[in-house]
S.K.: 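Pasting a structure here, questions to come.
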Amino acid sequence: MSAFRSEFLTEFAARGHLHQCTNADGLDALMAKEHVPAYIGFDCTAASMHIGNLTQIMRLRILQRGGHKPIVVVGGGTTKIGDPSGKDETRQLLTDEKIEVHKERFKEIFRRFLKFGDGPSDAIMVDNADWLDKLPYIPFLREIGRHFSINRMITMDSVKLRLDREQPLSFLEFNYMILQAYDFVELFRRHGCRLQMGGSDQWGNIVSGIDLARRTDNVELFGLTSPLITTSSGAKMGKSAAGAVWLSADMLSPYDYWQYWRNVEDADVGRFMRIFTDLPLAEIARLESLQGSELNESKKILANEATALCHGSAEAERAAEAARQTFEGGGVSANLPTLEVPKAEWRAGLGILAAFTRAGLTSSNGDARRQIAGGGLRINDEPATDEKLVLTGEHLRDGAVKLSLGRKKHVLLRPV
RNA sequence: GGGGGAGUGUCCCGAGUGGCAAAGGGGGCGGACUGUAAAUCCGCUGGCUGACGCCUUCGUAGGUUCGAGUCCUACCUCCCCCA
């Protein structure tokens with residue numbers, strides 16, 4: 001299992017993406033001899049993708065580097081159903097309008113990470129709404145539904161989990177597996193897609209597609225899953241102070257994105273570099289072997305690389321510079337996230353409670369009060385002690401006030 | 001269709017049966033210690049207020065009561081058993 005012949009599987013495994021494969025030897029042989037179209041599906045459940053989805057995108061990048069064709073499937077159709085895999089509860093149903101908006105935002109993100117076009121290893125993007133939305137019910141049941149055994153379906157983890165926990169599973173959700181299976185077959189027919197990848201929670205759905213294809217089209221398709229990425233301390237990845245680690249700059253600034261990577265645990269540096277950057281494996285091995293505080297340099301490289309991939313090298317550079325000035329220079333960087341307040345409002349007198357809350361550092365005036373009591377707020381690096389303080393011109397440094405929550409979170413408040 | 005059970009601080013789990021802004025966890029945030037790490041210890045974790053205090057919260061809507069998460073009625077959602 002360890003020695004693969006195909007460039008793709010070799011790198012895929014070396015970077016820690018390999019969890020299960022339906023037929024590793026068969027897939028390896030196939031990928032060593034031809035360009036294989038392969039897909040990953042993404043449901044449009046949120047207004048942006050986060051680094052959990054990024055793991056999937058990185059897998060498509062490896063695929064593309066290996067000379068194969070990535071097929072990005074946006075789930076315009078399946079999002080209307082809601083995948084029960086790995087979830088305790090039914091997700092709230094999204095409106096069609098929202099799904100459309102999310103879809104467009106997803107497309108924009110994919111274009112940053114993958115090269116699209118008509119070439120043999122250029123990525124393509126398709127929407128499963130194109131074939132799912134207009135499926136006629138009875139013919140679909142007769143052609144596809146008859147291949148699915150309820151007996152088998154209720155043993156699948158995605159279904160079993162719900163049943164075992166006595167959580168509701170609607171018929172709508174129950175159908176998700178069937179539709180995803182059908183997607184795979186449809187992608188094979190339309191684009192010659194032979195491989196579906198996904199997280200380990202997708203195993204059942206993927207295998208269902210492979211079974212279906214064997215029955216309907218008498219063809220062997222392949223499935224490849226990846227481990228769920230967690231931090232060393234066991235937490236699911238992707239949570240930051242502000243919530244999920246989003247890939248869209250309007251939901252998480254490049255500065256904060258950079259900071260997320262800069263702050264990973266020591267034990268995660270190498271593993272994350274392999275997954276979330278394109279750095280050569282030998283280089284990563286060297287960087288993760290650094291001891292003690294020297295590892296901080298590796299974390300900066302991780303942050304630079306990951307941010308450059310997502311937001312471009314210019315933004316990564318700005319974020320790195322802002323961090324350097326803020327944490328190492330003891331100064332104020334103009335590149336910190338900035339909140340502009342109208343001059344009129346500024347002159348009317350802005351209390352610090354309101355200022356911190358406006359800046360998003362505290363959630364309410366009460367929260368700001370509690371943080372002051374706990375010594376967590378600073379103004380221009382001076383601890384804030386008086387909650388009645390009103391900001392004035394004398395607080396301005398180069399036209400802005402630096403507000404800080406804790407050691408790490410800073411916002412510049414700038415009257416304009 | 002019949003019977004039984006459940007919905008609690010909108011991050012999660014979960015105690016609570018007439019006096020509750022509501023126990024306890026987890027998570028999160030802050031402080032100390034560090035290396036913007038981990039581990040550990042401490043504090044905070046409904047809104048407004050300088051403060052006394054006021055307001056809003058226990059599935060929804062009514063009712064009983066000086067007073068209801070707690071009792072009553074109807075409704076909604078879900079689970080289990082029977083059909």
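The chains referred to below are lettered A, B, ... by the order of the sequence lines, with proteins before strands, and numbering in each begins at 1. Computed over heavy atoms, backbone and side chain alike; hydrogens, waters and symmetry mates excluded.
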S.K.: Go ahead and name the base partner of B:rC41; Watson-Crick or wobble counts if both distances stay under 3.5 Å, otherwise write none.
M.R.: B:rG31
S.K.: On a whole-Å scale, what distance lies between the C1' atoms belonging to B:rU60 and B:rU77?
M.R.: 10 Å
S.K.: Check the phosphate of B:rA32 against A:R407, side-chain N and O only, distance under 4.0 Å to OP1 or OP2. Yes or no?
M.R.: yes
S.K.: Which part of the nucleic acid, if any, lies within contact of A:R370, taking any heavy atom under 4.0 Å across all strands shown: a base, the sugar-phosphate backbone alone, or nothing?
M.R.: sugar-phosphate
S.K.: Got a sec: does the NZ of A:K98 have more than 12 other heavy atoms crowding it under 6.0 Å?
M.R.: no
S.K.: Is there a donor in the side chain of A:N205 and an acceptor in the side chain of A:Q202, or the other way round, less than 3.5 Å apart?
M.R.: yes
S.K.: Report the distance from atom NZ of A:K409 to atom P of B:rU36, rounded to the nearest whole Å.
M.R.: 15 Å
S.K.: Among B:rC29, B:rG47, B:rU49, which nucleotide sits nearest the side chain of A:L405?
M.R.: B:rC29
S.K.: Closest to the A:S363 side chain: B:rA37, B:rU36, B:rG47?
M.R.: B:rG47
S.K.: Is A:K388 near enough to B:rU49 that one of its side-chain N or O atoms lies under 4.0 angstrom from OP1 or OP2?
M.R.: no
S.K.: Please confirm whether the shortest side-chain N or O distance from A:R369 to OP1 or OP2 of B:rG50 is below 4.0 Å.
M.R.: yes
S.K.: Verify the contact: side-chain N or O of A:K408 to OP1 or OP2 of B:rA37, cut-off strictly under 4.0 Å; return yes or no.
M.R.: yes
S.K.: Tell me whether the count of non-hydrogen atoms from other residues, nucleotides or ligands lying under 6.0 Å of CG in A:D398 goes above 12.
M.R.: no
S.K.: Within this structure, what is the CD-to-C1' distance between A:E294 and B:rG35, rounded to whole angstrom?
M.R.: 11 Å
S.K.: For atom P, what is the distance between B:rU10 and B:rG5, given to the nearest Å?
M.R.: 29 Å
S.K.: Write down the distance separating the C1' atoms in B:rG31 and B:rC76, rounded off to the nearest Å.
M.R.: 46 Å
S.K.: Mind checking A:D367 for me? I need base, sugar-phosphate or nothing, with any heavy atom below 4.0 Å counting as a touch.
M.R.: nothing
S.K.: Round to the nearest Å and state the distance from A:E265 atom CD to B:rA39 atom C1'.
M.R.: 11 Å
S.K.: Distance between the P atoms of B:rA61 and B:rU49, in whole angstroms?
M.R.: 28 Å
S.K.: How far does the C1' atom of B:rU8 sit from the matching atom of B:rC20, given to the nearest Å?
M.R.: 12 Å
S.K.: Does B:rC52 have a Watson-Crick or wobble partner in any strand here, with both distances under 3.5 angstrom, and which is it?
M.R.: none
S.K.: Mind checking who B:rC58 pairs with, Watson-Crick or G-U wobble, both distances under 3.5 Å?
M.R.: none
S.K.: Return the value, rounded to whole Å, for the distance between atom NZ of A:K299 and atom P of B:rG35.
M.R.: 12 Å
S.K.: Tell me, yes or no, whether the heavy-atom count around A:R112 atom CZ, taken from other residues, nucleotides or ligands under 6.0 Å, exceeds 12.
M.R.: yes
S.K.: Only pairs with both distances under 3.5 Å count, Watson-Crick or wobble alike; so what is the partner of B:rC20 in this structure?
M.R.: none
S.K.: A:A323 has a side chain; which of B:rU36, B:rG35, B:rG47 sits nearest to it?
M.R.: B:rU36
S.K.: Answer with base, sugar-phosphate or nothing: what part of the nucleic acid does A:Q259 contact at a heavy-atom distance below 4.0 Å?
M.R.: base
S.K.: Which whole-number value in Å describes the distance from A:N296 CG to B:rU34 C1'?
M.R.: 10 Å
S.K.: Could you give the distance separating B:rA21 and B:rC52 at their P atoms, to the nearest angstrom?
M.R.: 15 Å
S.K.: Does a side-chain N or O of A:S293 approach OP1 or OP2 of B:rU34 to a distance below 4.0 Å, or not?
M.R.: no
S.K.: From CG of A:L361 over to P of B:rC44, roughly how many Å is that when rounded to an integer?
M.R.: 22 Å
S.K.: Are the aromatic rings of A:F327 and A:H410 close, with centres under 6.0 Å apart?
M.R.: yes
S.K.: Given B:rG47, B:rG30, B:rG35, identify the nucleotide with an atom nearest to the side chain of A:S364.
M.R.: B:rG47
S.K.: Do we see a donor-acceptor contact under 3.5 Å between the side chains of A:Q64 and A:R61?
M.R.: no
S.K.: With rounding to the closest Å, how many angstrom separate the P atoms on B:rC54 and B:rA6?
M.R.: 35 Å
S.K.: What integer number of Å spans the P atoms of B:rG27 and B:rC75?
M.R.: 42 Å
S.K.: Spell out yes or no: do the side chain of A:D266 and the base of B:rG35 have one donor N/O and one acceptor N/O closer than 3.5 Å?
M.R.: yes
S.K.: Would you kindly give the CG-to-P distance between A:L377 and B:rC44, to the nearest whole Å?
M.R.: 16 Å
S.K.: Verify the contact: side-chain N or O of A:N365 to OP1 or OP2 of B:rU49, cut-off strictly under 4.0 Å; return yes or no.
M.R.: yes
S.K.: Rounding to an integer number of Å, can you tell me how far A:D268 CG sits from B:rA37 C1'?
M.R.: 10 Å
S.K.: Report yes or no: do A:Y176 and A:D43 form a side-chain donor-acceptor pair below 3.5 Å?
M.R.: yes
S.K.: So A:F276 and A:W261, would you call those rings parallel, tilted or perpendicular, with 30° and 60° as cut-offs?
M.R.: tilted
S.K.: State the pairing partner of B:rA15; accept Watson-Crick or G-U wobble contacts with both distances under 3.5 Å, and report none otherwise.
M.R.: none
S.K.: Select from A:G406 and A:K300 the residue whose nearest nucleotide in RNA chain B is closer to the 5' end of that strand.
M.R.: A:G406
S.K.: Determine which nucleotide pairs with B:rC78, using a 3.5 Å limit on both distances of a Watson-Crick or G-U wobble pair.
M.R.: B:rG5
S.K.: Applying a 4.0 Å non-hydrogen cut-off, can you work out what A:A373 is touching in the nucleic acid: base, sugar-phosphate, or nothing?
M.R.: nothing
